[in-house]
A.B. asks: 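Here you go, one structure.
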Protein chains: 2
Amino acid sequence: MAGNTESERRPDLAAMMVPLGRALVAAELPVLREHGLAMWAYAVLLGLDDEPVHTQAALARDIGADKTRIIGVLDDLEERGLIHRQPDPRDRRARLLSLTAEGRRVRDTVQSAIQEREERLLARLPEEDRRGFLRALQTLAAMPRAEITGEPGPS
Amino acid sequence: MAGNTESERRPDLAAMMVPLGRALVAAELPVLREHGLAMWAYAVLLGLDDEPVHTQAALARDIGADKTRIIGVLDDLEERGLIHRQPDPRDRRARLLSLTAEGRRVRDTVQSAIQEREERLLARLPEEDRRGFLRALQTLAAMPRAEITGEPGPS
DNA sequence: GCCTATCGTAGGCGAATGCTTACGATGCCC
DNA sequence: GGGCATCGTAAGCATTCGCCTACGATAGGC
């Protein structure tokens with residue numbers, strides 16, 4: 001056993017990760033619905049988080065959406081006063097995107113509610129596992145996709 | 001700040017887990033295609049893993065698929081000699097499902113290739129994080145879905 | 001024996017998604 | 001100032017997925 005510390009058979013990472021992800025999303029949905037947000041709308045609020053400016057195309061890329069598919073989402077969020085969408089004076093093709101104060105408030109409220117649920121879940125893990133889990137997850141999530149797929153990527 | 005060891009802002013679990021899951025699936029696809037397997041077919045091979053017997057409906061439930069949607073997959077796998085599908089003598093409505101020797105071989109080959117890639121990825125994590133990550137992931141993945149969503153479940 | 005439920009199979013519907021094309025407005029390189 | 005690229009917008013297309021209905025065969029309770 002000495003050199004074989006973790007040779008226990010385990011399921012594939014994806015086989016665990018994907019259903020878990022689905023379940024976590026399902027857990028988010030009621031919270032989002034309470035605030036009248038769809039998943040993509042929430043993703044937009046999160047994507048606008050720190051970035052002060054943005055162009056719609058860049059935002060779409062960031063949150064893994066299609067450029068043409070978030071337009072309706074942005075329309076809705078703008079109408080509800082959660083985001084600003086002003087023409088960029090320096091590039092009149094682009095629209096500057098930012099959260100309104102209300103948008104920030106909604107994002108914080110929703111994210112707090114969601115993460116509170118998540119913390120309740122994480123609390124059931126042993127302390128050491130939880131820390132490693134969160135650190136590893138953040139590390140992996142921050143990796144460029146090409147490093148995970150092993151592809152050479154779009155050279 | 002003493003009692004606040006991990007208060008660093010972190011993304012939502014789902015926001016990390018879902019894209020990561022997608023990337024891991026994308027990493028699996030070339031391997032699967034090499035062996036002529038679609039994702040659902042691989043899921044079936046994995047689902048038949050240890051269970052000696054099965055009914056198609058139970059298998060579908062296990063791998064999170066629709067009862068009516070894996071029929072074609074099973075047809076194909078049977079035709080290729082990777083699974084057995086015999087009528088159950090004790091319940092002539094049902095079909096007993098099992099892996100053939102060849103099916104087991106393919107499953108092992110593919111899974112080894114997949115997990116080898118995964119190990120290369122995991123190797124980039126610090127040892128302690130990796131252990132906690134894998135343990136926590138297995139714990140969470142083994143939880144019934146209702147415990148994650150927080151729903152009372154289908155009582 | 002009847003009634004109800006389950007199994008496998010077939011087909012279809014509606015929503016979501018990724019991808020593509022097109023178009024007018026605009027910016028940038030040279 | 002001409003050519004090319006990018007931005008936002010609109011529309012369409014093919015695929016996938018979850019879900020639902022239906023149907024014949026069969027089990028099982030009573």
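Here the structure is a predicted model, which means the values were calculated and not measured.
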A.B. asks: Mark yes or no for a side-chain to base donor-acceptor pair under 3.5 Å between B:Arg93 and C:dT6, with no hydrogen or angle criteria applied.
C.D. replies: yes

A.B. asks: Can you tell me how far P of C:dG8 sits from CG of B:Leu77, to the nearest Å?
C.D. replies: 15 Å

A.B. asks: For a quick check under 3.5 Å, do B:Arg9 and A:Gln111 share a side-chain donor-acceptor pair by atom type?
C.D. replies: yes

A.B. asks: Please round to the nearest 0.5 Å and tell me the distance separating atom CZ of B:Phe133 and atom CD of B:Gln138.
C.D. replies: 10.0 Å

A.B. asks: For A:Asp66 and D:dA14, what is the distance between atoms CG and C1' respectively, to the nearest whole Å?
C.D. replies: 14 Å

A.B. asks: Which whole-number value in Å describes the distance from A:Asp75 CG to D:dA10 P?
C.D. replies: 7 Å

A.B. asks: I want to verify a distance call: between D:dG8, C:dT9, D:dA11, whose nearest atom is closest to the B:Arg85 side chain?
C.D. replies: C:dT9

A.B. asks: Distance check needed: D:dT6 P versus A:Asp88 CG, whole Å only.
C.D. replies: 17 Å

A.B. asks: Under 4.0 Å between any heavy atoms, over every strand shown, what does B:Arg22 touch: base, sugar-phosphate, or nothing? Just pick one.
C.D. replies: nothing

A.B. asks: For B:Lys67 and for B:Trp40, find the nucleotide of DNA chain D with the closest heavy atom, then tell me which residue's nucleotide is more 5'.
C.D. replies: B:Trp40

A.B. asks: Is it true that B:Glu128 and A:Arg131 make a salt bridge, defined as a side-chain N closer than 4.0 Å to a carboxylate O?
C.D. replies: no

A.B. asks: Which of the following nucleotides, D:dG8, D:dA27, C:dC7, is nearest to the side chain of B:Arg92?
C.D. replies: D:dA27

A.B. asks: Report which part of the nucleic acid A:Asp91 touches: base, sugar-phosphate, or nothing (heavy-atom distance under 4.0 Å, all strands).
C.D. replies: sugar-phosphate

A.B. asks: Does the side chain of A:Gln56 get closer than 4.0 angstrom to OP1 or OP2 of D:dT6 through an N or O atom?
C.D. replies: no

A.B. asks: Would the base of C:dG12 count as contacting B:Arg69 through its side chain, where contact means a donor and an acceptor less than 3.5 Å apart?
C.D. replies: yes

A.B. asks: Salt bridge check: are A:Arg95 and A:Glu78 linked by an N-O gap of less than 4.0 Å?
C.D. replies: no

A.B. asks: Taking it one step at a time, do A:Arg117 and A:Glu28 satisfy salt bridge (charged side-chain N to carboxylate O under 4.0 Å, His left out)?
C.D. replies: CA-CA 9 Å; A:Arg117 293 182 85 139; A:Glu28 289 191 3; over 6 Å; no

A.B. asks: B:Arg90 near the nucleic acid: base, sugar-phosphate alone, or nothing, with a heavy-atom cut-off under 4.0 Å?
C.D. replies: nothing

A.B. asks: From CZ of A:Arg95 over to P of D:dT6, roughly how many Å is that when rounded to an integer?
C.D. replies: 19 Å

A.B. asks: Which whole-number value in Å describes the distance from B:Met39 CE to D:dT15 P?
C.D. replies: 19 Å

A.B. asks: May I ask you to say what B:Thr55 touches in the nucleic acid, namely base, sugar-phosphate or nothing, with a heavy-atom cut-off under 4.0 Å?
C.D. replies: sugar-phosphate

A.B. asks: Rounded to whole Å, how long is the line connecting atom CD1 of A:Ile70 with atom C1' of C:dG18?
C.D. replies: 14 Å

